[in-house]
Amino acid sequence: MSTDELTRAQAPARSGKFRRWLRRKPVRRVLVVTHRWTSLVLGLFLVLETTSGAILLYRGEYFRATHSDFYHHTPTEHPISLQQARDIVATAHPEFSPAWASNDGGVIAVGDPDFAEAYAVDPGPATSTAAPGSRAG
């Protein structure tokens, strides 16, 4: 008997055993199928959640990488103060209400109360102006 004949002869018996198994154990079949589909859906959800969590974890680095012009500054020995930076932004953009200011990556970032928009101020004395194209919002 050749291997092809053996394979052909065993194939119907195997499918017959499987069909008998399906008829004999319907509860087990339902549990197995339910477990597989539930695991697949929850696994895809877990991948989506961890991917979005990793993006949120590195949002500062992502912002720095995508908005490199926001962090362009000139080195100086006598930088301006945070209050002076807030005043510069308030003068240059009267529609913007600055709520906070902080040193961030060599520039002074001035933002609104909702953390939706921010301006970068170069702390060097000769170039202390708000960068209008560097809004983070």
Side-chain angles (χ1 to χ4, degrees):
M1 197 179 239
S2 71
T3 56
D4 289 336
E5 292 172 4
L6 256 174
T7 307
R8 285 187 215 144
Q10 290 175 352
R14 184 172 179 202
S15 64
K17 287 181 183 179
F18 182 70
R19 287 183 185 154
R20 275 186 273 147
W21 178 79
L22 290 177
R23 282 188 303 234
R24 228 176 25 179
K25 301 180 181 180
V27 174
R28 180 178 167 104
R29 178 179 180 271
V30 169
L31 288 174
V32 168
V33 170
T34 304
H35 181 264
R36 283 181 186 162
W37 282 103
T38 306
S39 299
L40 178 67
V41 170
L42 291 176
L44 290 174
F45 175 74
L46 186 61
V47 166
L48 178 69
E49 185 176 4
T50 55
T51 303
S52 64
I55 292 169
L56 289 174
L57 178 66
Y58 296 109
R59 70 180 176 273
E61 289 82 0
Y62 176 75
F63 183 80
R64 282 183 183 88
T66 57
H67 298 89
S68 61
D69 58 334
F70 189 85
Y71 295 97
H72 180 70
H73 66 282
T74 54
T76 182
E77 291 183 20
H78 306 289
I80 62 172
S81 69
L82 297 178
Q83 185 59 43
Q84 288 172 324
R86 285 181 67 174
D87 294 341
I88 288 171
V89 172
T91 304
H93 302 281
E95 75 284 352
F96 183 74
S97 60
W100 55 270
S102 70
N103 292 316
D104 187 17
V107 298
I108 298 175
V110 179
D112 66 347
D114 299 327
F115 293 92
E117 295 183 36
Y119 286 90
V121 178
D122 188 349
T127 58
S128 296
T129 58
S134 301
R135 292 173 68 163

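The model shown is predicted, which means the values in this text are computed figures rather than measured ones.
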A.B. asks: Angle between ring planes, His93 versus Tyr119, binned at 30° and 60°: parallel, tilted or perpendicular?
C.D. replies: parallel
A.B. asks: Quick one, Leu82 with Arg86, criterion side-chain contact (heavy atoms from CB on, under 4.5 Å). Give me CA distance, side-chain angles, the key distance, then yes/no.
C.D. replies: CA-CA 6 Å; Leu82 297 178; Arg86 285 181 67 174; 5.8 Å; no
A.B. asks: Can you list, by chain and residue number, the hydrophobic cluster partners of Val27 when the side-chain cut-off is 4.5 Å?
C.D. replies: Leu31
A.B. asks: Check whether any side-chain N or O of Trp100 sits under 3.5 Å from a backbone N or O of Val110 as a donor-acceptor pair, and report yes or no.
C.D. replies: no
A.B. asks: Could you go through residues 34-44 and list every donor-acceptor pair under 3.5 Å that involves a side-chain atom there, pairing it with any protein atom two or more places apart or in another chain?
C.D. replies:
residue	atom	partner	partner atom	Å
Thr34	OG1	Val30	O	2.6
Thr38	OG1	Thr34	O	2.7
Ser39	OG	His35	O	2.7

A.B. asks: Once rounded to the nearest 0.5 Å, what's the spacing between atom CD of Gln83 and atom CD1 of Ile88?
C.D. replies: 10.5 Å
A.B. asks: Considering all heavy atoms of both residues, which atom of Ile108 and which atom of Ala101 are nearest to each other, and what is their separation?
C.D. replies: CG2-CB, 4.3 Å
A.B. asks: Which atoms form the tightest heavy-atom contact between Pro113 and Ser97, and what is the distance?
C.D. replies: CD-O, 3.7 Å
A.B. asks: Which atom names give the shortest non-hydrogen contact between His73 and Pro75, and what distance separates them?
C.D. replies: O-CD, 4.0 Å
A.B. asks: Got a sec, which pairs hit side-chain hydrogen bond (donor to acceptor under 3.5 Å, both in side chains) with one end in residues 41-64, sequence neighbours left out?
C.D. replies: Arg64-Asp104
